[in-house]
Engineer: 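Encoded as structure tokens, here's the structure I'll be asking about.
We name chains A, B, ... by the order of the sequence lines, and we start the count at 1 in each one. Keep in mind the model is a prediction, meaning the values are calculated, not measured.
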Number of protein chains: 2
Amino acid sequence: MEVTGHTRGPASIRDVAAAAGVSYQTVSRVINAHPSVRPATRERVLAAVEELGFRRSATALALARGRSRTVTVLTADTTHYGYASILRGVEEAARAAAYSVGVGVLESADEATVAAEVRRAADVGGGLVVIAYDPAGVRALEAVPAGLPVVGVVETPASPPADDRPWVWTDDREAAYRATRHLLSLGHETVHYVAIPSDTRPASARIAGRRQALTEADAPQPPPVQGGWGPAGGYAAGLKLAGDPSVTAILCGNDDLALGVLRALHEAGRPVPGEVSVAGFDDAPHSAYLTPSLTTVRLDFTGLGRAAFALLHGALEESAPITPHPVSAPELVVRETSGRPGPTDGG
Amino acid sequence: MEVTGHTRGPASIRDVAAAAGVSYQTVSRVINAHPSVRPATRERVLAAVEELGFRRSATALALARGRSRTVTVLTADTTHYGYASILRGVEEAARAAAYSVGVGVLESADEATVAAEVRRAADVGGGLVVIAYDPAGVRALEAVPAGLPVVGVVETPASPPADDRPWVWTDDREAAYRATRHLLSLGHETVHYVAIPSDTRPASARIAGRRQALTEADAPQPPPVQGGWGPAGGYAAGLKLAGDPSVTAILCGNDDLALGVLRALHEAGRPVPGEVSVAGFDDAPHSAYLTPSLTTVRLDFTGLGRAAFALLHGALEESAPITPHPVSAPELVVRETSGRPGPTDGG
DNA sequence: ACCGCGGGTGTGACCGGTCACCTCCATGCG
DNA sequence: CGCATGGAGGTGACCGGTCACACCCGCGGT
């Protein structure tokens with residue numbers, strides 16, 4: 001009725017300008033809260049905005065400004081609890097800052113594929129959060145071209161990151177240290193370790209934390225067992241360890257691994273925590289409800305995601321001073337899978 | 001050396017054109033594989049593309065074409081296994097089609113918040129996949145403005161969806177039917193049900209499937225117990241059911257719920273499957289490794305995600321005929337939590 | 001009365017692509 | 001030989017915003 005000649009599709013600032021009887025630039029000023037617009041004019045423009053249901057196109061904004069209010073999270077798996085939590089943290093912070101978040105899954109760790117994925121993510125503009133706990137993620141982080149804002153979510157690094165390529169991490173060295181000490185304090189001679197893939201690096205923070213605890217206690221240092229990411233890998237590793245009667249305490253790189261280990265111990269007839277104690281990392285939601293419930297170290301993945309976004313936000317805009325690391329410290333959660341070692345010579 | 005005056009930042013088609021000694025339009029033609037470009041010219045352009053590291057800007061493309069090769073997944077939780085798998089399926093299919101995928105988390109089911117989230121997602125253009133298993137998702141699906149391409153991921157609907165607003169689903173009616181029949185066939189008198197929030201609707205497909213199985217077997221029909229989404233809710237529901245000695249079989253709306261129920265039964269001293277049988281939905285990765293391992297119905301969430309994308313892709317472009325539902329049928333996976341009912345009158 | 005100044009607006013170019021349309025030239029055919 | 005045809009390529013406008021700049025006007029100072 002009152003709308004006569006405006007174009008099909010969503011209204012643009014030109015449409016709004018026409019409706020309000022001003023120039024498109026004035027509309028732009030109103031949208032951006034520029035001070036020098038007369039109140040009466042502002043009112044008219046806002047009324048037109050309301051009436052036409054105008055929404056400023058994110059695409060056009062990105063093109064004109066050169067950056068895109070978008071962060072893309074590159075991850076090897078959306079399904080894994082830790083990764084999914086990081087994604088949630090990023091999304092949460094991004095939403096609060098009116099950013100959009102994209103996801104790219106690194107299907108394989110193959111160099112070319114990863115590089116292609118990084119390029120794709122770069123095409124949309126904005127920043128990148130790379131979850132670099134695993135080989136695919138590490139590759140991706142390396143493949144990010146210079147000049148593209150990126151934050152890596154990594155294990156506790158040995159040396160601080162370069163300024164132009166910040167990292168974010170939880171103190172998993174400390175986490176491993178505490179979990180190991182907890183198990184030792186119960187009376188176990190040593191603590192075996194089932195590793196997630198990233199822990200194969202000799203510099204792995206978790207391995208270092210465990211080593212420190214073992215060293216301080218003058219305990220033997222059995223080499224880590226490779227477990228992969230999921231329960232299946234933990235199960236396989238668990239079967240190996242279950243066969244060795246000297247094994248009484250097992251620390252696992254994550255809760256899923258621990259679950260597999262628990263199953264393997266069960267099948268091998270080694271009661272938990274009667275004979276063997278088990279602890280995990282992450283405190284996934286189901287860990288508290290397992291039978292027996294899982295002793296684990298809670299890691300603040302959501303906070304990690306938020307921190308990653310904050311850093312990126314700081315790099316993309318000249319606001320929000322780069323908040324260092326408002327990530328909660330790891331917290332040991334003692335549950336039923338850890339206890340004093342029982343007599344193992346009996347069976 | 002050879003590059004003299006081209007602009008800072010990523011190269012544009014104008015830069016490439018200058019380097020190759022052609023017009024920007026020719027570059028555009030080469031990029032888009034337009035036939036009428038002489039091979040020699042094409043070669044020159046491609047060489048320039050290579051040399052300058054040209055990548056076509058997704059933003060500019062979106063602006064010029066009017067649509068943005070992006071799909072945004074709206075979900076209430078990135079952490080939940082089923083949701084995360086759907087996201088992965090969407091991402092997988094999207095990547096194959098050179099689309100980007102965004103995520104929006106519906107933090108609350110509050111109408112205004114959800115509407116705002118939908119608008120935000122709409123701002124980036126492209127299509128929407130809304131995971132509408134829960135109240136927040138259902139609200140979001142309703143709040144999507146007409147004209148915006150959207151696909152809902154829903155429970156088996158009572159009536160087929162409208163053409164312009166397609167849905168995608170697994171046959172969870174059949175899934176519930178099969179799981180219930182399985183439990184009945186073991187000799188249980190009836191099957192109790194711990195529901196996920198969406199199942200409160202009287203028209204819920206899962207509830208209908210279970211009802212049908214119970215009806216066919218002339219079994220009593222105890223009302224569903226509300227469980228929520230996570231293990232905590234399952235635990236609470238499980239405690240209630242555990243107190244009733246007549247309860248010998250419990251079907252749960254998802255594996256996390258089942259986990260909580262198992263824990264509650266354990267604490268109540270009711271052995272599984274000795275006294276009570278339990279089954280879940282989803283077949284989450286850890287379910288096979290629980291002790292006892294969980295009988296469940298595997299649902300093809302990833303396929304669901306891929307199907308959702310395919311539908312959206314069909315709506316966004318005039319290609320890829322709308323493949324109806326290449327989603328795998330639910331598959332009953334019988335494990336250790338289900339067995340014949342034992343003597344319950346003893347304790 | 002003249003100038004400078006600053007608030008309130010409008011105009012043109014630009015971001016990096018695409019699309020519609022035009023030109024130029026080498027053919028083929030009547 | 002003249003002309004329609006189609007391949008190869010170029011030009012201008014446009015998508016929906018932003019930015020740099022010019023304009024107009026009222027005001028205060030001299």
Side-chain angles (χ1 to χ4, degrees), chain A residues 6-46 48-49 52-70 98 122-126 317, chain B residues 6-46 48-49 52-70 98 100 122-126 317-318:
Chain A
H6 83 89
T7 54
R8 277 279 164 235
S12 77
I13 55 168
R14 265 109 177 158
D15 299 324
V16 173
V22 297
S23 78
Y24 54 82
Q25 181 59 281
T26 300
V27 176
S28 173
R29 277 192 262 261
V30 170
I31 295 170
N32 295 298
H34 192 286
S36 68
V37 176
R38 221 183 325 160
T41 312
R42 183 190 316 279
E43 288 311 314
R44 251 187 310 145
V45 170
L46 288 176
V49 162
L52 298 178
F54 168 81
R55 304 223 83 211
R56 168 231 244 128
S57 152
T59 306
L61 187 70
L63 182 59
R65 284 232 246 252
R67 52 210 147 93
S68 83
R69 286 193 94 72
T70 293
D123 284 351
V124 344
E317 295 180 30
Chain B
H6 84 87
T7 52
R8 278 277 165 237
S12 76
I13 55 168
R14 264 107 175 159
D15 299 323
V16 173
V22 296
S23 78
Y24 55 82
Q25 180 59 278
T26 300
V27 175
S28 174
R29 276 192 263 260
V30 169
I31 295 170
N32 295 298
H34 191 286
S36 67
V37 176
R38 220 182 327 161
T41 312
R42 182 190 317 279
E43 287 312 313
R44 249 186 313 145
V45 171
L46 288 177
V49 163
L52 299 178
F54 168 82
R55 301 225 85 212
R56 171 230 243 126
S57 152
T59 306
L61 187 70
L63 183 59
R65 285 231 246 252
R67 50 208 148 91
S68 81
R69 287 192 92 71
T70 293
S100 302
D123 284 351
V124 343
E317 295 180 30
E318 283 69 32

Engineer: Would you kindly give the CZ-to-C1' distance between B/Phe54 and C/dC15, to the nearest whole Å?
Structural biologist: 13 Å
Engineer: Once you apply a heavy-atom cut-off of 4.0 Å, does A/Arg67 come out as touching a base, just sugar-phosphate, or nothing?
Structural biologist: nothing
Engineer: So which nucleotide from C/dG8, D/dG17, C/dG17 ends up closest to the side chain of B/Ala60?
Structural biologist: C/dG17
Engineer: For a side chain to side chain contact (heavy atoms under 4.5 Å, CB included) with A/Val16, tell me which candidate from A/Ile31, A/Val22, A/Val27, A/Leu46 qualifies.
Structural biologist: A/Val27
Engineer: If you look at every strand shown and take non-hydrogen atoms under 4.0 Å, does B/Thr41 touch a base, only sugar-phosphate, or nothing?
Structural biologist: sugar-phosphate
Engineer: Determine whether A/Arg38 and A/Glu43 satisfy the following criterion, salt bridge (Lys or Arg N to Asp or Glu O under 4.0 Å), listing intermediate values before the conclusion.
Structural biologist: CA-CA 9 Å; A/Arg38 221 183 325 160; A/Glu43 288 311 314; over 6 Å; no
Engineer: Base, sugar-phosphate alone, or nothing: which one does A/Arg55 contact when heavy atoms must sit under 4.0 Å apart?
Structural biologist: sugar-phosphate
Engineer: Rounded to whole angstrom units, what separation is found between the CZ atom of A/Arg38 and the C1' atom of C/dG10?
Structural biologist: 14 Å
Engineer: Identify all pairs in which a protein N or O lies below 3.5 Å from an N or O of nucleotides 18-22 of chain C, and state each distance.
Structural biologist:
{"residue": "C/dT18", "atom": "OP1", "partner": "B/Asn32", "partner atom": "OD1", "Å": "3.4"}
{"residue": "C/dT18", "atom": "OP1", "partner": "B/Asn32", "partner atom": "ND2", "Å": "3.1"}
{"residue": "C/dT18", "atom": "OP1", "partner": "B/Arg56", "partner atom": "NH2", "Å": "3.4"}
{"residue": "C/dT18", "atom": "OP2", "partner": "B/Ser28", "partner atom": "OG", "Å": "2.6"}
{"residue": "C/dC19", "atom": "N4", "partner": "B/Gln25", "partner atom": "NE2", "Å": "2.5"}
{"residue": "C/dA20", "atom": "N6", "partner": "B/Gln25", "partner atom": "NE2", "Å": "2.9"}

Engineer: Send over the distance from B/Leu63 CG to D/dC15 C1', rounded to a whole Å.
Structural biologist: 4 Å
Engineer: I'd like to know if B/Arg65 pairs up with B/Glu317 as an ion pair, taking the criterion as any Lys NZ or Arg NE/NH1/NH2 lying under 4.0 Å from an Asp or Glu carboxylate oxygen.
Structural biologist: no
Engineer: Using whole Å, what does the distance between atom C1' of nucleotide D/dG9 and atom CZ of B/Arg42 come to?
Structural biologist: 13 Å
